[in-house]
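These numbers were taken from a predicted model, which means no experiment stands behind them. Order of the sequence lines fixes the chain letters, A, B, ..., with proteins taken first and strands second; residue numbering starts at 1 for each chain.
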Amino acid sequence: MMTILPQLIQALTETIQSLGYPEKEIKLSPPNNPEFGDLSTNLPLTLTKDLKLDPMAIAETIKDELNLSDANIDAITVTPPGFLNFKIGNTYYHQVLSEILENEQYGRGKSGEGLTANVEFVSANPTGPLTVGHGRNAVLGDTVANILEWNGYDVTREYYFNDAGRQMRILGQSVEARYFEILGKDYFFPEDGYEGNYIKSIAQTVLDEFGDDLKPADEQFKTQAEKAIFADIEKSLFKLGIHFDQFTNEKTFYENGEIDRFLEELKAKDLIYEKDGATWFRATALGKEQDRVYIKGTGEPTYRVPDTAYHRDKINRNFDLIIDVFGADHADTYPDVLLALDALGMKTEHIHVLLYQFVTLLRGGEKVKMSTRKANFVTMDELVEEVGADVVRYFFIMRSVNSHLNFDLDLAADQSEKNPVYYLQYAHARICNIIKHGESTGISSDEEAYDVSLLVHPAEIKLLKRLEQFPSNVENALDSLEPQTIANYLHDTANQFHKFYSECRVIAEDLPLSLARLALVKGTRTVLSNGLSLLGLTAPERM
RNA sequence: GCCCCGGUAGCUCAGCUGGAUAGAGCAACGGACUUCUAAUCCGUAGGUCACAGGUUCGAAUCCUGUCCGGGGUACCA
């Protein structure tokens, strides 16, 4: 079936050509006011200047010249100051419904077919449990990966971590201190050490497994801490329905020589120099305001170095699309990474950074200050335990990444029955119940012929119009990488369904109408269920 | 100082690649269940889209400036 939008654009293009008008990009969009029809274009307004004519007159001329006999257009109108409006015939929407019912995967796009994508997200170092702060990253990354997959991409979900740096060293020392504390021996708790109780239980585990004669600075303190914490992190992610295809360790790039090689190459381009006992990256030579330290006086590289080597590695793995999900605190660092890669002649245009603003947790109306080190945080596990994975995912995905997110714990927990995610799921559950009810009374559109053209009630048509927009909505989410648009779409669709439900009885005396409405209800279920699964939410059959 | 993000209803936020009368949820008020699920629907009330200029036929949306909040500007990540 031909979608109506390209059909209209083509007809308009041909018309302005035959009229000898200059070529313009043609935009068609649904007007706010339904009285103006289903699609409107400002084309006449954009032509006003070139033609030096009244836009209303241009609109009338185009209208008269348009040949839309093949399309399902019921009416074309012209409204001030110069809009051209199209009213789409119900037949078109009836065809859309038939299409949905033939295709369980309605809305799936093909633009990523044959392409690969890498989505790097979470990437929290294993120094403690995942906090709510990591939750936004995790849900965002996983949802974007879902969207890419749904559009045909072969997606690798990747978690990058660092177990060679300062944070991890202090983690090991923290465990070591608790170990000797348990043994009643002298111990040294590091400045900036990790204070959480989980450190003590890791120390106890080390004691149980390795005995009481470990010496200070034994590797096992750090190794066991990392192992235990990583196991917890993976468990927490699993509860949110998130899994990773690959974990990449920063250490790899030291061991395989990539970092040395990378530094050598920059040096060959005179982008590396020594000053004040440190090694610097000459970013100013590439247009930046200041140079950056690459290797500290202590001999330890700064995080930019392995990060850059890691990104080079991702580029070399030949993904068609590379996505990094970072918190706002990384806003200033990734440009340096890209800069160094550009300087080495690597292509970076296919790297997209998804930068999200921070989450503020509210409890009892108060901001909850969080620090992993101080163990003063709300973990993802606690949150998921309290409100459930669906609510957590929906809360994190329903807002734009550019917005600071206030997560009110009391609201999420206490008023969970009024949570918007239930609104969507309830629509799905209602649908399932209607279908079940139909079957119990011997009415099923699976078994009997139905006639979609019986759907003419305004509530039915409005719902159909929503369903028709699902594919373009998904496409839009893919292009913009803004998953909240899908959440918004689903909310509107559920709203249209609930209205339909309250106005139109599905299973009723009129058998042909019942069957047609049952078909509409099933089409709605397909859209809701596909949309919910894109967001990683469950689609319950009962609530 | 400079850079990034935000400022829209009482609260949390959509809408922002310029369109026609600015929306939702929560909170408030008033209606609708002998009916396929009332976790729903209908209605009322609620706005100087931070402020000031500019561009345009048209600005919440684009540009400039100011103010406020968050983040960054580390030899932390």
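- With salt bridges taken as basic N to acidic carboxylate O contacts below 4.0 Å, none links Lys462(A) and Glu503(A).
- Lys499(A) places its NZ atom 4 Å from the P atom of C42(B), with the value rounded to the nearest Å.
- Screening Ile486(A), Val392(A), Val139(A) for a side-chain contact (heavy atoms from CB on, under 4.5 Å) with Ile397(A), the sole residue that qualifies is Val139(A).
- The interatomic distance linking Asp510(A) (CG) with C36(B) (C1') rounds to 15 Å, in whole Å.
- Under the Watson-Crick or G-U wobble criterion, with both distances below 3.5 Å, A50(B) is paired with U66(B).
- For the OP1/OP2 pair of A74(B) and a distance below 4.0 Å, the side-chain nitrogens and oxygens of Lys296(A) include no atom meeting the criterion.
- Here G71(B) is the nucleotide among A77(B), G19(B), G71(B) with the atom lying nearest to any side-chain atom of Phe358(A).
- Listed nucleotides C36(B), G19(B), A20(B) differ in distance to Ile434(A); the shortest reach to its side chain belongs to C36(B).
- Using a 4.0 Å cut-off, no side-chain N or O of Tyr422(A) falls inside it from OP1 or OP2 of A39(B).
- Contact annotation for Cys504(A): base contact, defined as any heavy-atom pair under 4.0 Å involving a base atom.
- Here Tyr159(A) and Phe230(A) bring their ring centres to under 6.0 angstrom of each other.
- Looking at heavy-atom distances under 4.0 Å, Gln290(A) makes contact with sugar-phosphate atoms alone, never a base.
- Between Lys314(A) and Glu158(A), none of the side-chain N atoms (NZ, or NE/NH1/NH2) sits under 4.0 Å from a carboxylate O, so this pair counts as no salt bridge.
- Here the two rings, on His457(A) and Phe500(A), have centers that are 6.0 Å apart or farther.
- The side chain of Val506(A) lies closest to C36(B) when the candidates are G19(B), A77(B), C36(B).
- Here the nucleotide nearest the side chain of Asp329(A), chosen from C36(B), G15(B), A77(B), is A77(B).
- Positionally, the nearest nucleotide of RNA chain B for Glu482(A) lies more toward the 5' end than for the other of Glu482(A) and Asn495(A).
- Looking at which nucleotide of RNA chain B each of Gly277(A) and Lys27(A) is closest to, the 5′-most match is held by Lys27(A).
- Under the stacking criterion of a centre-to-centre distance below 5.5 angstrom and an interplanar angle below 30°, Phe83(A) sits stacked against the six-membered ring of A20(B).
- Contact between the side-chain N/O atoms of Asn32(A) and the OP1/OP2 oxygens of U21(B) is not found at any separation under 4.0 Å.
- For the C1' atom pair drawn from G43(B) and U56(B), the interatomic distance equals 39 Å after rounding to whole Å.
- Contacts of Ser40(A) with the nucleic acid, taken as non-hydrogen atoms under 4.0 Å apart, include base atoms.
- Whole-Å rounding puts the Arg292(A) CZ to C76(B) P distance at 13 Å.
- The cationic group of Arg304(A) does not satisfy the cation-pi geometry with Phe281(A), failing either the under 6.0 Å distance to the six-membered ring centre or the 45° limit from the ring axis.
- The number of heavy atoms from other shown groups lying within 6.0 Å of CD (Glu289(A)) does not exceed 12.
- For Arg430(A), a side-chain nitrogen or oxygen approaches OP1 or OP2 of A38(B) to under 4.0 Å.
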Tell me, with the steps shown, if Lys465(A) and Asp38(A) meet side chain to side chain contact (heavy atoms under 4.5 Å, CB included).
CA-CA 9 Å; Lys465(A) 286 179 180 176; Asp38(A) 300 304; 2.5 Å; yes
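- Taking only side-chain atoms of Lys49(A), from C-beta outward, the nucleotide of G15(B), U56(B), A77(B) with the closest atom is U56(B).
- Side-chain proximity of Arg505(A) to the nucleotides U35(B), G71(B), A39(B) is greatest for U35(B).
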Trace of the side chain to side chain donor-acceptor pair (under 3.5 Å) decision for Asp291(A) with Tyr273(A)
CA-CA 10 Å; Asp291(A) 291 342; Tyr273(A) 66 94; 2.6 Å; yes
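- In terms of polar N and O atoms assigned as donor or acceptor, the side chain of Asn42(A) comes within less than 3.5 Å of the base of G19(B) in a complementary pairing.
- If you look at Phe83(A) and Phe36(A), their ring centroids are not closer than 6.0 Å.
- Glu503(A) comes within contact range of no nucleotide atom at all, as no heavy-atom separation falls under 4.0 Å.
- U55(B): no Watson-Crick or G-U partner with both key distances under 3.5 Å is found in any strand.
- Counting any heavy atom pair closer than 4.0 Å across all strands shown, Ala429(A) reaches a base atom.
- Residue contacts shown for Ser400(A) are limited to sugar-phosphate atoms, with no base heavy atom under 4.0 Å away.
- Using a 4.0 Å heavy-atom criterion, one finds that Asp192(A) contacts no nucleic acid atom at all.
- In this structure, Phe36(A) reaches the bases: a heavy-atom distance under 4.0 Å links it to at least one base atom across the strands shown.
- For C75(B), neither phosphate oxygen OP1 nor OP2 lies less than 4.0 angstrom from any side-chain nitrogen or oxygen of Tyr303(A).
- Rounded to whole Å, atom C1' of C36(B) lies 14 Å from atom NZ of Lys522(A).
- In this structure, Pro80(A) reaches the bases: a heavy-atom distance under 4.0 Å links it to at least one base atom across the strands shown.
- The pair Arg166(A)-Glu300(A) does not count as a salt bridge, with every side-chain nitrogen at least 4.0 angstrom from each carboxylate oxygen.
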Close N/O contacts between protein and nucleotides 44-46 of chain B (under 3.5 Å):
none

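- In this structure, C41(B) shows a glycosidic angle more than 90 degrees from zero, which is the anti conformation.
- Base engagement by Asn85(A) is indicated by at least one non-hydrogen atom pair under 4.0 Å involving a base atom.
- Under the Watson-Crick or G-U wobble criterion, with both distances below 3.5 Å, U44(B) is paired with A28(B).
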Treat primed atoms plus P, OP1 and OP2 as sugar-phosphate and everything else as base, then score nucleotides 3-12 of chain B 5' to 3': B for base contact with protein heavy atoms under 4.0 Å, S for sugar-phosphate contact only, - for none.
--BS-----B
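- Note: CZ (Arg166(A)) to C1' (C75(B)) measures 11 Å, nearest angstrom.
- Residues His311(A) and Tyr334(A) place their aromatic rings such that the two centres sit no closer than 6.0 Å.
- For the pair Lys436(A) and C36(B), the criterion of a side-chain N or O lying under 4.0 Å from OP1 or OP2 is not met.
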